[in-house]
Amino acid sequence: QVQLVESGGGSVQAGGSLNLSCIASESTSRNYIMAWFRQAPGKEREGVAAIFPGEITHYAKSVKGRFTASLDSTKSTLYLQMDSLKDEDTAIYYCAAAEPERAVLGGWAWVPLYKYWGQGTQVTVST
């Protein structure tokens with residue numbers, strides 16, 4: 001059973017930055033699809049960014065150019081650097097992992113693709 005633990009959430013003013021971390025319980029980061037999702041109150045969970053084996057990275061249009069996902073395989077840690085934050089970025093942010101062979105089932109932002117999830121970390125952006 002893969003375990004994922006997020007940290008780094010908090011409250012920040014619009015225009016500010018936060019850096020989220022997700023530590024995996026094993027070397028999933030090297031062989032799995034690692035992703036960030038978020039869920040705002042009353043809304044569905046949505047994909048933010050994903051890194052595939054080979055470090056091919058995908059971003060949601062709403063965050064492209066402002067957020068950067070990265071992977072430190074030596075530490076089994078996934079990061080999400082969030083800059084130029086907006087109030088619409090307020091949400092619970094989740095780390096997720098999926099076996100790469102599952103990618104044929106759906107796109108990188110398809111929630112059921114991911115078998116393993118962290119508990120989430122709250123990000124609140126105020127204006």
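None of the values given here were measured: they were computed from a predicted structure.
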Subject >> All salt bridge (charged side-chain N to carboxylate O under 4.0 Å, His left out) counterparts of Arg102, not counting sequence neighbours >> reply: none
Subject >> Interatomic spacing from SG in Cys95 to CG in Leu80 - rounded to 0.5 Å >> reply: 10.0 Å
**OP:** Examine distances only and state if a side-chain atom of Ser25 and a backbone atom of Gln3 form a donor-acceptor pair shorter than 3.5 Å.
**Re:** yes
**OP:** Could you tell me the separation between the CG atom of Leu78 and the CD atom of Glu6, rounded to the nearest 0.5 Å?
**Re:** 9.5 Å
Original post:
Where the side chain of Thr90 meets the backbone of Val125, is there a donor-acceptor pair that is under 3.5 Å apart?
Top reply: yes
**OP:** With side chain to side chain contact (heavy atoms under 4.5 Å, CB included) as the test, would you mind laying out the steps for Leu20 and Met82 before giving the verdict?
**Re:** CA-CA 8 Å; Leu20 305 184; Met82 304 186 294; 3.8 Å; yes
Original post:
Hey, is the main chain of Ala69 close enough, under 3.5 Å, to the side chain of Tyr59 for a donor-acceptor pair?
Top reply: yes
**OP:** Might you point out which heavy atoms bring Ser21 and Thr77 nearest each other, and give the distance in Å?
**Re:** CB-CG2, 4.3 Å
Original post:
So, for Leu18 and Gly10, which heavy atoms are closest and what is the spacing to 0.1 Å?
Top reply: CD1-O, 3.9 Å
Subject >> Reported CD-to-CD1 distance for the pair Gln119 and Ile92, which is rounded to 0.5 angstrom >> reply: 10.0 Å
Original post:
Does Arg66 use its side chain to pair, donor to acceptor, with the backbone of Ser84 at less than 3.5 Å?
Top reply: yes
Original post:
What about Trp110 and Ile33, same hydrophobic cluster or not, with Ile/Leu/Val/Met/Phe/Trp/Tyr joined at side-chain heavy-atom distances under 4.5 Å?
Top reply: yes
**OP:** Could you tell me whether a side-chain N or O of Ser62 sits under 3.5 Å from a main-chain N or O of Ala60, the two making a donor and an acceptor?
**Re:** no
**OP:** Specify whether His58 and Phe52 have parallel, tilted or perpendicular ring planes, treating 30° as the upper limit for parallel and 60° as the lower limit for perpendicular.
**Re:** perpendicular
**OP:** Using a cut-off of 6.0 Å, state whether more than 12 heavy atoms not belonging to Glu55 lie near its atom CD.
**Re:** no
Original post:
With ring centroids as reference points, do Tyr114 and Phe37 lie under 6.0 angstrom apart?
Top reply: yes
**OP:** Determine the interplanar angle of the Tyr93 and Phe67 rings, folded into 0 to 90°, and report it as parallel if under 30°, tilted if 30 to 60°, perpendicular if over 60°.
**Re:** tilted
Subject >> Listed partners of Ser126 passing side chain to side chain contact (heavy atoms under 4.5 Å, CB included), at least two apart >> reply: Gln13
**OP:** Drop me the distance from Asn19's CG to Ser70's OG, to the nearest 0.5 angstrom.
**Re:** 7.0 Å
**OP:** With the side chain counted from C-beta on, respond yes when Leu71 and Tyr79 share a heavy-atom pair under 4.5 Å apart, and no when they do not.
**Re:** no
Original post:
With a 4.5 Å heavy-atom cut-off, do Gln81 and Asp83 have their side chains touching?
Top reply: yes
**OP:** Mind checking the OG1-CE spacing from Thr57 to Met34? Nearest 0.5 Å is all I need.
**Re:** 12.5 Å
**OP:** Look only at the side chain of Trp117 and the backbone of Leu4, and say whether a donor-acceptor pair between them is shorter than 3.5 Å.
**Re:** no
Subject >> Ile23 with Tyr94, same ILVMFWY side-chain cluster at under 4.5 Å >> reply: no
Original post:
Should we count CD of Glu101 as having more than 12 external heavy atoms under 6.0 Å?
Top reply: yes
Original post:
What residues form a salt bridge (charged side-chain N to carboxylate O under 4.0 Å, His left out) with Glu46, not counting sequence neighbours?
Top reply: Arg38
Original post:
If every non-hydrogen atom of Ala50 is compared with every non-hydrogen atom of Trp108, which pair is closest and at what distance?
Top reply: CB-CE3, 3.5 Å
